[in-house]
Structure formats: structure tokens, C-alpha cells
Amino acid sequence: MKQKETMSNSQSNDVIDELDHVATSFDTPLRADAFEMDDELKIELIAKHFKEIMQVLGLDLTDDSLQGTPNRVAKMYVQEVFSGLNPKNKPHARLFENKFGYDQMLVEKEITFYSHCEHHFVPIYGKAHVAYISSGKVIGLSKINRIVQYYAKRPQVQERMTVQIANELKRVLKTEDVGVVIDANHMCVSSRGVGDTNSKTGTAHFSGKFTNEDTKKEFLNYINTPASI
């Protein structure tokens with residue numbers, strides 16, 4: 001830490017740029033006033049600033065194909081790809097009694113998600129595999145998917161997203177028996193920098209009964225078994 005503090009500004013920036021996977025916490029870093037501005041004003045300001053970026057790049061904004069781009073990008077950022085930043089979009093998961101008394105793991109695998117790397121604002125995309133063992137309550141299957149999408153739709157680090165999904169499931173389901181595995185492609189690796197188009201990144205979070213080796217193995221075997229249908 002002391003070594004980092006004594007670096008020059010240019011050296012520090014170079015090091016930060018190389019740390020493509022650094023994450024400072026498992027909470028998305030947001031300012032306290034992040035939601036004081038309404039979406040309409042955010043769209044207006046983002047469009048203004050993105051237009052300036054395009055102009056700096058030398059693009060002709062009078063061209064029919066480009067003139068609407070700043071507003072399109074602004075709407076996409078606020079209403080779509082970063083909509084998971086806003087807590088008003090958080091899914092409300094209704095709990096149901098586990099009337100069947102099902103006491104084995106429930107697995108929802110291959111949930112497709114699209115996110116964005118918070119270091120370069122380029123896509124991360126892949127599959128999330130989620131499992132839990134009921135403590136007496138269950139939730140609708142679609143809500144598992146919605147929880148994944150909510151945490152994906154924000155600037156992210158894959159490790160953080162994995163833990164956020166797991167923590168939300170534990171909170172909603174009132175159980176520690178949760179497993180989450182994510183396999184993802186990072187465009188910051190494939191479309192820039194090293195240009196590796198073949199590698200994938202895997203992350204996992206296991207808690208409660210899923211820290212048991214047999215339970216963990218059962219979950220991993222299931223998600224790695226090709227569907228027969």
C-alpha cells in the first residue's frame with residue numbers, strides 16, 4: 001500500500017488500468033445522491049455529454065445515421081443496460097409455502113445475462129447457475145431469473161455480481177443454503193487488450209449446505225450435464 005501511495009500520478013494510472021479485475025467491495029459503489037436526479041434529466045445530460053464525446057472523436061453528427069445516437073445511448077444506459085442501479089427496479093419476490101415438503105436442491109441453470117465491465121464499460125455476457133435448498137419457503141422460478149438480471153444490469157465486476165445474487169437469494173429465501181456459479185465472456189479481454197476470444201471467467205459462491213463437498217459436487221455435476229431434451 002505504501003508503495004502505491006508513493007507512485008507518481010502517471011504510474012498510478014498505469015497500474016489501475018492494468019488491474020482489469022479489481023473490485024473494492026461487494027456493494028456497487030454509488031454516491032449517496034445517486035437517485036436524486038430523475039431519469040429524464042439523466043437521459044438529457046448523458047446525451048449531451050455523449051454528443052461531446054462523439055464530436056471529440058471527429059464524428060459528423062449531422063449525418064442521418066449518427067444524429068440520434070447520443071439520445072439512443074442515453075436511453076439505453078438509463079432504461080436498459082444500467083437499470084439495475086436503481087433500487088426501484090429491484091424485483092419483489094413473493095414467498096410461497098413449501099407445501100410439497102421438497103427438501104432437495106432446486107436448480108435453475110443457464111440463465112443468460114448481459115452486463116457491463118465497470119472498468120471499460122464494455123459487455124460481459126454469459127450464464128448464471130443458481131441453486132437453493134428450501135428452509136420452508138420457495139419463490140417463483142422467474143424471480144430467480146429476475147434477480148440475476150437486476151444485478152447484471154449495472155457496471156459490474158463478475159466476483160461482485162456472483163456474491164450480490166447469492167446474498168439477495170439468501171435474504172429473500174431466509175436460508176443460507178445457496179449456490180451460485182457464473183461463467184462469462186468479457187469483451188474487455190476479447191475485444192481489446194490481450195484480444196483473447198476463447199477464454200471464459202468462472203466464479204462461484206457456496207454457503208450453508210452447499211459448502212458440503214457432496215452437495216457442492218451434486219450441484220456442479222448437474223449444471224455441467226448437457227440437457228437430454
Are side-chain heavy atoms of [X] and [Y] found at a separation under 4.5 Å?
X    : Y    : answer
K174 : L95  : yes
L169 : T175 : no
R146 : I139 : no
I144 : L106 : yes
I182 : V148 : no
N98  : S135 : no
P70  : Q55  : no
N185 : K200 : yes

Check: For L45, which fellow cluster members are found when Ile, Leu, Val, Met, Phe, Trp and Tyr are connected by side-chain heavy-atom distances below 4.5 angstrom, either directly or through intermediates?
Finding: M37, L41
Next item on the list: Share the residues that join F206 in a hydrophobic cluster, the rule being Ile, Leu, Val, Met, Phe, Trp or Tyr side chains under 4.5 Å apart at the heavy-atom level.
Entry: M105, V107, I133, V181, F210, F219, L220, Y222, I223
Check: Who passes salt bridge (Lys or Arg N to Asp or Glu O under 4.0 Å) against E97, sequence neighbours left out?
Finding: K137
Note to self: Between E168 and R171, does the side-chain contact (heavy atoms from CB on, under 4.5 Å) criterion hold? Intermediate values first, please.
What the structure shows: CA-CA 5 Å; E168 179 64 10; R171 186 192 70 80; 2.8 Å; yes
Margin query: We want to know whether T203 and Q158 form a side-chain donor-acceptor pair, criterion being a heavy-atom distance below 3.5 angstrom.
Written below: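 Side-chain D/A pair, T203 to Q158: present.
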Item checked: Distance-only donor-acceptor check, side chains E218 and Q104, under 3.5 Å ->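 The answer is no; no qualifying pair exists.
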Next item on the list: May I have the step-by-step check of side-chain contact (heavy atoms from CB on, under 4.5 Å) for N86 and D39, ending in yes or no?
Entry: CA-CA 10 Å; N86 196 331; D39 286 357; 4.1 Å; yes
Going by atom type alone, with no hydrogens or angles, which donor-acceptor pairs under 3.5 Å involve a side-chain atom of residues 71-82 and a protein atom two or more places apart or on another chain?
unit_1	atom_1	unit_2	atom_2	d
R72	NH2	S65	O	3.2
R72	NH2	T69	OG1	3.1

Next item on the list: Any ring-ring contact (aromatic ring centres under 6.0 Å, His included) involving residues 34-55? Give me the pairs, sequence neighbours left out, ordered by first then second residue.
Entry: none
Next item on the list: Mind jotting down which residue pairs meet the ring-ring contact (aromatic ring centres under 6.0 Å, His included) criterion with at least one end in residues 142-165? Sequence neighbours excluded, please.
Entry: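 ring-ring contact (aromatic ring centres under 6.0 Å, His included) check on residues 142-165 returns no pairs.
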Notebook entry, point to check: Which residue, K170, Q164, E159, forms the side-chain hydrogen bond (donor to acceptor under 3.5 Å, both in side chains) with H205?
Noted result: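 Exactly one option meets the side-chain hydrogen bond (donor to acceptor under 3.5 Å, both in side chains) with H205, and it is K170.
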Item checked: Greater than 12 external heavy atoms within 6.0 Å of Y114's OH ->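 No.
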Item checked: Donor-acceptor under 3.5 Å (H129 side chain, E110 main chain) ->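 Checking the backbone N and O of E110 against the side chain of H129, a donor-acceptor pair under 3.5 Å is found.
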Margin query: How long is the straight-line distance from CE of M187 back to OG of S115, given to the nearest 0.5 Å?
Written below: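 If I round to the nearest 0.5 Å, the distance is 13.5 Å.
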